[in-house]
Structures are given as structure tokens and as C-alpha cells.
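A quick write-up on the structure given underneath.
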2 protein chains.
Amino acid sequence: MKYRELAKILKVEIDKGKYRDAGKLPTEPELMEQFGATRYCVRNAIALLAELGDVYPVQGSGMFVRENRREGCLNINGTRGMTSEFPGHSVSSKLIKLEQREAGADSVRLKCAADAKVYSVSRLRLLDDEPFAIEYALYLKEFVPYLSEEIASGSIYAYIREDLGLSTGFADKLIYARELDHGQADLLGLSAGDPALVVEDDAYLASGRMFNAGTVYYHYKKATFFNFADLK
Amino acid sequence: MKYRELAKILKVEIDKGKYRDAGKLPTEPELMEQFGATRYCVRNAIALLAELGDVYPVQGSGMFVRENRREGCLNINGTRGMTSEFPGHSVSSKLIKLEQREAGADSVRLKCAADAKVYSVSRLRLLDDEPFAIEYALYLKEFVPYLSEEIASGSIYAYIREDLGLSTGFADKLIYARELDHGQADLLGLSAGDPALVVEDDAYLASGRMFNAGTVYYHYKKATFFNFADLK
DNA sequence: GAGTGGTCTAGACCACGCA
DNA sequence: GCGTGGTCTAGACCACTCG
């Protein structure tokens, strides 16, 4: 039994509410026996769940299941894209622009050569067919050699991971608030000067190479982000 | 050598730029020898640094030091309070309100009894003597038995941890944008209707008990949050 | 192929909570 | 005092990168 497998199993059971009555997971020895796993495996699996905020350990007491207020919120960790964040809702995109060009001034942010080829994608993202966010994104052609209108209208991240087989590593985000300009406001069905929640996202491959830079303007009445933080 | 000690040592060395030329840390065997530590210790220490985004591991290659854009940004993980986020700047607070009362309607958010005693604190937080944020916070008296104007004018978190000796565990945050009302805008030196970056923060002790709920309205031209996310 | 980090085993003892 | 999770040891083998 691999610890990532065990983590997935436990995560499903937690989400199904299996441990809700007890409020806590079985103890380490119990889990070891139930899954025929070593303590190494059990502890690593639980560490993954704790990182995600599904569970918290109390020394001498147990592994407690966490209640949290994340319904309808975007998790700010784990950029798995909007598509996977709203189960039961329709997430779609209206392509505004898709072009291939040289990085130019964007080479600073993308940490690449000025003449490196990039795809530039602008999309209006819709939640249940209502305007939700405007996304401006750049992808280095070196890593994402092909993008079509069809792909860009769907989940680009799913394409990158599943079809291109790239393994993503980590991401930096900057979050701030700004006023919308006229063009943005029109797209979102708001007025110029209204607030926008802005997220700049620099995404890296597991190799440490940056491959994607995005800036997203979220509808301030519809978008709320959720974050789980360790205070240790 | 404990792994938390080693992590601190390495963190200091990284911040001093010791590994900047190489771009990476010494290998695990090298660190084991340098610090007379076991592999368990070395790997746990590095895992802590990786969680904070200071370093990323590439299998078969090494542990690379990360460059990031966090200068002048508030780290959204690790609520160690504003005070520790702006070294070289003056962080102060102007107390607006400090009262003790029953939780009442706030008992839902605080997950406590309606008649539980709470301290309610409102502060205008200043960065270099300029208005930076408005903070509304509640502290359960059960865990924070005493708060004075003097304490509330300083770093409440430092007081809770160092003086009261409470061990904090984790926190949930909601992040969104809203329009400022007249009173808030006046305090921040902005206009009503201007954007605010709002953070709701529910903080828990290591025991899993919630002890603090806060809502902070940040000056949208001055506050930017930084987040590091693992995409695995 | 040599060297890197990742996974895993099979133990031991420690620190803390709770009754 | 017992049961919980936390730390630690001393190994082994696997998966991956890179020259």
C-alpha cells in the first residue's frame, strides 16, 4: 500500500462522512491494521490530508476531521483550475483572444528570453453561464507546444496535465483588489470603478521551470477564495 | 540535532544568500555530514522549508532555492500578524473599540455558546503611520482571559503566544473584494464605494478549538497578499 | 552509471491528553 | 497510567536526472 493511495482512500471516506460521528479518524495502529499498512505509510497519508486541511492532529488525543466553510469558494491553494472547483455547476469559457507571439516585455515575468514564443490567451470565464472572471494568460510554447481555440475553450490545465503529460510543481500567487476599467466591467456585467478581486498566478513545472503566467479579474460579488493555513 | 532546529539554521542561511550562487542546497548526504544529522532529520527540515516555499526538490537533481516576489506583500499563510511581515517598517495600531460582551449572534461563527464571553476589538492598523487596514476581531475570553488597551494597541498575537503561552494550530481564511462604506473609507483615507480587499480569518488553537474570528478590510492600493501553493 | 531525491521497513523512545 | 501522536535510528531499495 502506497501512502498516496491510502490518502486518496481516506479522503474519499472523509468526504462521504464516514468519520463524522466519531469526529476523528481511527488511531494509527488501527489504520495500520485496517489497511495492512506500515506506520510510515499511515503517517505520510495523514500528513497529506493535514496539508489540505481535511484533518488536524492533536498529540495525545487523535486525528480530528475538520469542518470548514469552503462551499462555493475557490481554494487558493492547488490551482487545479476552476473546472474542478465547482462540482455540480457548469464552468465554461468564452474565448476572447488566442494568439502566438514573442514574449517581449512579458519575458521578465515569465523568466524567459525576450524572443521566446508564447501563447497569449484571454478568456471570459462563466459559472452557470454567468460572467465570473476575466483571465489573461501566457503559456510558454517551449512547454505547451500547441493550443487551439477548442482547447482554450475548455480546461487548459487538464489538457496540459493529461494530454501533454506535464507534471506541475508549484505556483506563486499575488492577490489584491483593483477598480475595473470600462472594458472589463462590460464583460463582467458590472460598472467601471467597481471592485475586482485580482489574482496573479505564476505556475511552475516540477522541474522548477516557469511555464505559465496568468492574471485573473474576478467578479467581486461572485468570487470568494478560501485558504487553509498552518499556524505552527 | 532536531529537524526544526536544522530548518531554522538553513532558513537563515538561505535568507543570507549563502546558496544563491549554487542555486541549490547541498545534497542530503552532504547536509547529514555538515550537521552531524541523520537523513530523517535532514529530510524533515527540508520538507518544512519546501512547505514555506523557500526551496523545491527535484528528484534526481537537487534541492533548489526559490526566488519569489514576496517583498512588501503579506503572506497569506501563517498568520503571525502584520507586525512580523514588514521588517524595516513601523507597524502600529490605533484602537477604535475594546469591549467585553457576550457572543450573541457571533456564536455561530465562533462555534461557542451564545452567552460565552468575548473581547471585541476594532483597530485601525497603520503601516509607516499611514492607514493600512481596519480590523474587527473577536477573542473568546475562555482562552484570552485578559485584554487591555495597551495590549490591543500592540501585537495581540505576540501577546497570545508569548505571554499567554497558547499554542496556535491553524486558520481558515476567506478572501474577497467589497465596496467600502463611508465610515470605513474615512478611516482609510479613501472614498465610499472604493474597493477593499477583505479577509475573514478563523483561528484555531492546536487543540482544534476556535479562539479568534477576525474580519479585516485592507487598503486596496497598499495591500497585496502573497501565496505559495503546491500543485502536486 | 553515478548521484540525486523518493519510498519504505522495523523497530525505539518521547511528549502530551485524558481519565 | 495508558493510549495518543511526535521524534528518531539505521538501514534498504526505487525513480529520476544528467553527464
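Residue numbering restarts at 1 for every chain, and letters A, B, ... go by the order of the sequence lines. Note that these values count all heavy atoms, side chains included, but never hydrogens, waters or copies made by symmetry.
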By ring pair (Phe, Tyr, Trp, His ring centres under 6.0 Å) - contacts of [X] (at least two apart):
X	result
B:Phe143	none
B:Phe86	B:Phe132
B:Phe170	A:Tyr56, A:Phe228, B:Tyr204
A:Phe211	none

In whole angstrom, what separates [X]'s [atom1] from [N]'s [atom2]?
X	N	atom1	atom2	answer
A:Met63	D:dG3	CE	C1'	15 Å
B:Met32	C:dT4	CE	P	12 Å
A:Lys2	D:dA15	NZ	C1'	11 Å
A:Asn44	C:dT7	CG	P	8 Å
A:Tyr56	D:dG5	OH	P	13 Å
A:Phe35	C:dT9	CZ	P	15 Å
B:Glu33	C:dT4	CD	P	12 Å
A:Tyr40	D:dG5	OH	P	19 Å

**Message:** For A:Asp172, is there an ion pair with B:Arg66 - N to carboxylate O distance below 4.0 angstrom?
**Reply:**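 The answer is yes: the pair qualifies as a salt bridge.
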**Message:** For B:Asp115, give me all partners under side chain to side chain contact (heavy atoms under 4.5 Å, CB included), at least two apart in sequence or on another chain.
**Reply:**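 Counting only residues at least two positions away or on another chain, B:Asp115 forms a side chain to side chain contact (heavy atoms under 4.5 Å, CB included) with B:Glu102, B:Ala113.
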**salt bridge (charged side-chain N to carboxylate O under 4.0 Å, His left out) contacts touching residues 37-48 of chain A (sequence neighbours left out)** =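 Applying salt bridge (charged side-chain N to carboxylate O under 4.0 Å, His left out) to every pair that reaches into residues 37-48 of chain A, excluding sequence neighbours, yields A:Glu28-A:Arg39, A:Glu28-A:Arg43.
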Kindly write out the residues that satisfy side chain to side chain donor-acceptor pair (under 3.5 Å) with [X], not counting sequence neighbours, or none if the list is empty.
X	answer
A:Glu135	A:Arg123
A:Asp54	A:Lys11
A:Ser92	none

**Request:** Please lay out, stage by stage, how B:Gln100 and B:Lys117 fare under the test side chain to side chain contact (heavy atoms under 4.5 Å, CB included).
**Result:** CA-CA 7 Å; B:Gln100 199 183 144; B:Lys117 290 281 203 314; 4.2 Å; yes
**Message:** With each end axis built from five pairs of C1' atoms, what bend angle do you get for the helix from C:dG1-D:dC18 to C:dC18-D:dG1? Round to 10°.
**Reply:**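 If I round to tens, the end axes sit 20° apart.
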**Request:** Please list residues of residues 3-21 of chain B whose heavy atoms come under 4.0 Å from any atom in DNA chain C, ordered by number; otherwise none.
**Result:**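 Within this stretch, nothing sits under 4.0 Å of the strand.
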**Asked** Along nucleotides 10-19 of chain C, 5' to 3', which nucleotides get a B, which get an S, and which get a -, given that the test is a protein heavy-atom distance under 4.0 Å?
**Response** --B--BBSS-
**Request:** Would you indicate, yes or no, if C:dG6 has its OP1 or OP2 atom less than 4.0 angstrom from a side-chain nitrogen or oxygen of B:Arg43?
**Result:**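 For B:Arg43, the contact criterion (side-chain N or O under 4.0 Å from OP1 or OP2 of C:dG6) is met.
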**Prompt:** Taking the nucleotide of DNA chain C with the closest heavy atom to each, which residue, A:Ala37 or B:Pro57, is nearer the 5' end?
**Reply:**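 Comparing both residues, the 5'-ward one is B:Pro57.
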